[in-house]
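Accompanying notes for the structure given below.
In this text, all values refer to a predicted model and were calculated from it rather than measured experimentally.
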Amino acid sequence: MKNLYNEISYKTSKIVTRKYSTSFSMGIYFLDRKFHNAIYAIYGFVRLADEIVDTFHEHDKAKLLLKFKEDTYEAIQSGISLNPVLNSFQEVVNKYNIDLELIEAFLHSMEMDLQKIDYDRKTYERYILGSAEVVGLMCLKVFVEGDEKAYNTLKYFAMKLGSAFQKINFLRDLNADYYQLGRVYFPGVDMTKFDYQTKQEIEKDIEVDFALGLEGIRRLPKSSRLGVYIAFVYYYQLFQRIKNLPPTEILNKRIRIPNNKKIRLLFKSYIKHTLNLL
C-alpha cells in the first residue's frame, strides 16, 4: 500500500498551489474538504506544465514538456509516478474518470506556447479551450462526483468561467507576455497600437463569459459553490480594476489585487453565501 506516498504527493500539490496562487488557494479552502486534495492535484499538474513553457528558458522546454506529457500518460496508465505532483494527479484522473481528451487538449495548448503563433479567432479559441476551459471541466468532474447528467448540464458554464479567467490573465500579463515572451494571444491586436477601443472590445467579450460563468456557479452543488464563487469574485474584481486603467498602464505593468483587499473580498463573499444571496 502506498498510502503514505499518496499523502506526501497531495501535500506536494498543495504546496505548489499555495506558493503560486493565493487566490485559488483561498477558493479551494472554501470548498468542501473532500474536494481539497483533488483540486490541489489538478492545479499542481497545470502549474508544472505552465512553468515549463513560461519560465524554464535556460532549458530545452520542448524536450521537458514532451517528457512531462509522456510521464503524465504513463502515470495515469500505471497508477503511480515518482513525480509526486503527477502521482496525485493520476489518482484524481482515475478516481473521477477525467477524460483523457481534456488532458490532451490542455497539453496541446502548452505546446502552442512553445511556438511563435499569430493568433486568429480559431487558434485563439483553441488555445483558450485547452489552457483554461478544460481545466474547469476537470474540476467540474470532481465537483459532480460521477453525476454525468449534472456534468453535462454545467459543462458549458464551466467552460465560460474558465474562458473569463484566462482572458483576464491575458490582460493582466500583457507586459510579460508581449515584452518577455513575445506572445500576443488576442487575435488581430497590434500591441504597438493597443488603445481604448481595442481594450473595450476585449472587455465586452469577457463580460459575457463572466455572466454565463456566474449562472453556472449558482447551479453548482453547495459543496463547491462558495469556493468557486470566491475565485469568481477575485477575478471579477481584478477585471474591474483593469477596466478602470488606461491601456498604456495595462501594457506596462502586471495588475494585481493587494492581499488586504483579497481578504475583504473573501469576507464579503462568505457573508453573501451565508445569507443565500448566491
Would you say the side chains of [X] and [Y] form a donor-acceptor pair under 3.5 Å?
X     : Y     : answer
Glu51 : Thr55 : yes
Ser13 : Ser88 : yes
Tyr73 : Gln77 : no

Please say whether more than 12 non-hydrogen atoms of neighbouring residues, nucleotides or ligands are located less than 6.0 Å from [atom1] in [X].
X      : atom1 : value
Asp118 : CG    : no
Tyr5   : OH    : yes
Arg126 : CZ    : no
Gln115 : CD    : yes
Lys2   : NZ    : yes

Compare all side-chain heavy atoms of [X] with those of [Y] and state whether any distance is below 4.5 angstrom.
X      : Y      : result
Met191 : Leu174 : yes
Ile230 : Tyr29  : no
Glu203 : Ile242 : yes

Say whether [X] and [Y] are linked into one hydrophobic cluster, either directly or through other cluster members, by side-chain heavy-atom distances under 4.5 angstrom.
X      : Y      : value
Val208 : Phe157 : yes
Val228 : Tyr96  : yes
Ile250 : Leu181 : no
Phe239 : Leu212 : no
Phe89  : Leu100 : yes

How many angstroms lie between atom CD1 of Ile42 and atom CG of Asn37, to the nearest 0.5 angstrom?
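Atom-to-atom, Ile42:CD1 and Asn37:CG are 11.5 Å apart.
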Please report the shortest heavy-atom distance between [X] and [Y], naming the atom on each side.
X      : Y      : result
Ser81  : Leu86  : OG-CB, 3.6 Å
Tyr43  : Val16  : CE2-O, 4.4 Å
Ile217 : Arg225 : O-CG, 3.2 Å

So does [X] pair up with [Y], basic N to acidic O under 4.0 Å?
X      : Y      : answer
Arg254 : Asp177 : no
Glu207 : Lys167 : no
Glu215 : Lys160 : no
Lys199 : Asp195 : no
Lys155 : Glu133 : no

May I ask you to decide if [Y]'s main-chain N or O and [X]'s side chain share a donor-acceptor pair within less than 3.5 Å?
X      : Y      : value
Asn252 : Thr248 : yes
Thr198 : Phe194 : no
Asn97  : Val93  : no
Asp99  : Leu102 : no
His59  : Leu64  : no
His108 : Gly130 : no
Asn87  : Asn83  : no
Lys116 : Arg183 : no
Thr123 : Tyr119 : no
Thr72  : Phe68  : yes

Look at the aromatic rings of Phe165 and Phe24 and report parallel, tilted or perpendicular, splitting at 30° and 60°.
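Perpendicular: the ring planes of Phe165 and Phe24 meet at over 60°.
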Tell me whether the rings of Phe232 and Tyr229 are parallel (<30°), tilted (30 to 60°) or perpendicular (>60°).
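Phe232 vs Tyr229 ring planes: parallel.
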How far apart are the C-alpha atoms of Tyr236 and Gln240, what are their side-chain angles, what is the distance that settles it, and do they pass the side chain to side chain donor-acceptor pair (under 3.5 Å) test?
CA-CA 6 Å; Tyr236 196 73; Gln240 295 304 314; 3.1 Å; yes
As a quick check of understanding, evaluate side-chain contact (heavy atoms from CB on, under 4.5 Å) for Cys139 and Ile39, giving each step before the final call.
CA-CA 7 Å; Cys139 294; Ile39 304 303; 4.0 Å; yes
Between Met138 and Ile103, does the side-chain contact (heavy atoms from CB on, under 4.5 Å) criterion hold? Intermediate values first, please.
CA-CA 9 Å; Met138 291 182 204; Ile103 300 167; 4.1 Å; yes
Among Phe186, Tyr185, Phe106, find the residue that satisfies the ring-ring contact (aromatic ring centres under 6.0 Å, His included) test when tested with Tyr127.
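Of the listed options, the one satisfying the test is Tyr185.
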side-chain contact (heavy atoms from CB on, under 4.5 Å), that's the test. Do Phe170 and Tyr124 meet it? Break it down for me.
CA-CA 11 Å; Phe170 290 160; Tyr124 173 67; 3.8 Å; yes
Apply side chain to side chain donor-acceptor pair (under 3.5 Å) to Asn152 and Glu148, showing your working.
CA-CA 6 Å; Asn152 289 324; Glu148 283 300 308; 4.5 Å; no
Determine whether the aromatic ring centres of residues Tyr10 and Tyr40 are separated by less than 6.0 angstrom.
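Aromatic pair excluded; centres sit 6.0 Å or further apart.
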Show the numbers, then the answer: is there a side-chain contact (heavy atoms from CB on, under 4.5 Å) between Phe35 and Ser223?
CA-CA 9 Å; Phe35 297 142; Ser223 54; 3.4 Å; yes
